[in-house]
Amino acid sequence: MAELDQHEGEQDLEKKIEETRQRFKNEFLQDSTEKYDSRDVERLQKDDALVEGYLTWRLHVVDEALKMIDESFQWRKEFGVNDLSENSIPKWMFETGAVYLHGYDKEGNKLFWFKVKLHIKDAKTILDKKKYVAFWLERYAKKEPGMPLTVVFDMSESGLSNIDMDFVNYVINCFKVYYPKFLSKMIIVDMPWIMNAAWRIVKSWLGPEAISKLKFASKAEVQTFIDPEYLPPYLGGTDPFKYSYPPLPDDDFQTPICDNGPIVSEDEIESKDSEMEGKDTLESSFNSEIAVKPKKVNFLEESVRGDDNDKGDTSVRTKGPRKPVTTFKGLLLDVSPAEELSFGSGEMEKKSLIILSNVTKNQVAFKVRTTAPEKYRVKPSSSWCEPGATVDIVVSLHGGSQVSPQDRFLIMAAEMDSVVSQELTQFWKEFFSHQLLQMMTCNSRLEQKLNTCLWVQKVLIGLVLVLVVLNLLCLYLLGTS
């Protein structure tokens with residue numbers, strides 16, 4: 001009897017698949033042959049699993065499945081999904097590691113990671129980001145057809161500035177409409193309490209058919225869904241995987257990993273380390289607003305080291321500026337080193353480098369100031385950096401001066417549309433005037449709000465006094481009567 005029911009169910013599914021194909025051809029292809037990519041239409045006619053996926057997601061209601069196919073195919077044509085490749089996505093998106101496929105959950109489903117702290121809402125780049133997500137999904141769909149994914153929204157160290165509801169809605173639609181049956185579950189990891197309201201909205205977007213797939217987990221609870229071997233150490237796991245590009249991460253062809261990233265030859269270590277440190281974040285929002293990011297640099301004198309890290313081109317290391325090995329990630333500039341500059345003890349070694357890397361799409365003007373200008377010479381102390389370029393700033397000790405842990409450097413940066421050397425001085429004057437005006441305007445508004453609050457407070461005090469007097473009067477009248 002069970003076999004008979006199963007056979008009838010299979011026959012019914014086959015009928016609905018054929019009905020869906022025929023109705024799509026008659027109702028959607030008649031008047032709009034260029035509405036869809038012909039490759040998607042051809043696949044719909046040949047791939048039973050594709051049609052079944054739409055039908056299953058829409059509870060085998062053909063009308064609903066047809067609407068879903070229409071919307072999905074239009075999206076695929078608009079985004080050119082069939083032709084998406086690494087060359088069609090900006091390289092910096094791959095370099096950030098904000099989105100990638102890696103590892104498996106306890107049910108054997110591939111993990112699709114979203115590092116939320118690396119996402120900044122920006123209208124200028126949202127289209128490329130959406131294509132980037134589509135690229136990864138299409139790559140997986142071709143590699144593992146019909147196999148579900150587990151989405152991991154890693155919200156560690158994220159805040160309100162990282163929440164982009166339009167982007168989240170798009171990601172959900174990818175699984176709700178564009179890639180039906182692909183979503184195994186969606187795990188929200190380490191969500192800050194301040195974002196509870198935003199994720200209540202997300203729940204409403206998922207709809208009843210997918211709401212059960214949404215899972216919230218703390219760092220301690222995430223191991224309920226994912227074994228430690230596929231979790232990074234900061235989530236309590238033991239996975240040594242560190243995202244790097246190129247090439248694209250692939251579980252079957254991983255580069256051996258060491259504590260400092262992919263293992264490379266000795267000749268490549270120094271250049272590779274500095275390159276990798278500049279690729280770990282998506283903090284640049286690429287907006288047109290001017291911003292200032294102060295940076296303090298602490299100086300400590302240290303002698304020339306003779307360990308393994310100093311082997312190789314010793315002539316460069318001892319005679320030139322000492323190179324930084326750490327990086328501070330900023331909104332406009334990445335600054336190396338992150339904390340301290342190192343100076344050798346020899347006379348030819350009292351130079352060090354500050355390396356500024358422009359992480360925006362605009363030119364960035366910068367100024368370098370120190371608390372001890374009589375001791376240090378900085379070249380250049382004021383200039384600009386082209387988009388995606390780096391500038392080396394040489395810091396040298398003047399005369400017989402000695403470094404001190406109390407010495408500080410300040411690096412100021414601001415975006416500009418265009419820069420020429422003779423305009424820099426005028427630019428900084430106008431910039432600081434603008435900042436001062438903003439501060440004065442802000443103070444004026446605060447003062448107005450404070451005065452309003454004081455006025456309301458006085459009114460309330462007056463009302464309280466009136467109520468007290470009326471209360472006393474009532475008591476007096478009651479007493480006399």
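The chain is numbered in sequence order, starting from 1. The basis for the numbers below is simple: all heavy atoms, side chains too, and nothing from hydrogens, waters or symmetry mates.
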Pair Asp407, Thr371: side-chain N/O donor-acceptor within cut-off below 3.5 Å: no
Between Tyr243 and Tyr245, ring centroids under 6.0 Å: no
Glu221 backbone acceptor or donor facing Ser218 side chain under 3.5 Å: yes
Atom NZ of Lys106: over 12 foreign heavy atoms under 6.0 Å: yes
Residue pair Lys367 / Ser382: nearest heavy atoms and the distance that separates them: CG-OG, 3.8 Å
Whether His119 and Phe167 hold their rings parallel, tilted or perpendicular, with breakpoints at 30° and 60°: parallel
Side-chain heavy-atom pair Asn109, Leu149 within 4.5 angstrom cut-off: no
Donor-acceptor side-chain pairing of Asp227 and Tyr104 below 3.5 angstrom: no
Ring centre gap for Phe241 and Tyr100 strictly below 6.0 Å: yes
Whether over 12 other heavy atoms sit under 6.0 Å from Glu386 CD: yes
Residues Thr327 and Ser336: side-chain donor-acceptor under 3.5 angstrom: yes
From CA spacing to verdict: ring pair (Phe, Tyr, Trp, His ring centres under 6.0 Å), Phe182, Phe175: CA-CA 6 Å; Phe182 262 58; Phe175 293 98; 7.4 Å; no
Check: Phe24 ring centroid to Tyr36 ring centroid under 6.0 Å: yes
Electrostatic pair Lys91:Glu86 at N-O distance under 4.0 angstrom: no
Reported CE-to-CG distance for the pair Met68 and Leu55, which is rounded to 0.5 angstrom: 10.0 Å
Salt-bridge criterion met for Glu71 and Lys67 (N-O under 4.0 Å): no
Test log, rule side chain to side chain donor-acceptor pair (under 3.5 Å), inputs Thr360 and Asn358: CA-CA 6 Å; Thr360 76; Asn358 186 349; 2.9 Å; yes
Considering all heavy atoms, the nearest Tyr54-Ser72 contact: OH-OG, 2.9 Å
Gap separating the CD1 atom of Ile69 from the CZ atom of Arg76, nearest 0.5 angstrom: 12.0 Å
Chi angles and distances behind the salt bridge (Lys or Arg N to Asp or Glu O under 4.0 Å) call for Asp70, Lys35: CA-CA 9 Å; Asp70 175 54; Lys35 190 177 180 182; 3.1 Å; yes
Mutual orientation of the aromatic rings belonging to Trp75 and Tyr178 [parallel < 30°, tilted 30-60°, perpendicular > 60°]: parallel
Polar side chain donor-acceptor pair, Tyr234 to Asp154, under 3.5 angstrom: yes
Within-4.5 Å side-chain heavy-atom neighbours: Tyr230 and Thr238: no
Working for ring pair (Phe, Tyr, Trp, His ring centres under 6.0 Å), residues Phe94 and Phe135: CA-CA 11 Å; Phe94 289 105; Phe135 166 84; 5.4 Å; yes
Side chain to side chain, Val189 and Val152, heavy atoms closer than 4.5 Å: yes
Lys219 vs Ser156 side-chain heavy atoms within contact, under 4.5 Å: yes
From Leu465 atom CG to Ile461 atom CD1, the distance as rounded to the nearest 0.5 Å: 7.5 Å
Side-chain touch Val99/Met93, heavy atoms, less than 4.5 angstrom: no
Donor-acceptor pair between His102 and Asp239 side chains, under 3.5 angstrom: yes
Side-chain heavy atoms of Val468 within contact of Leu472, under 4.5 Å: yes
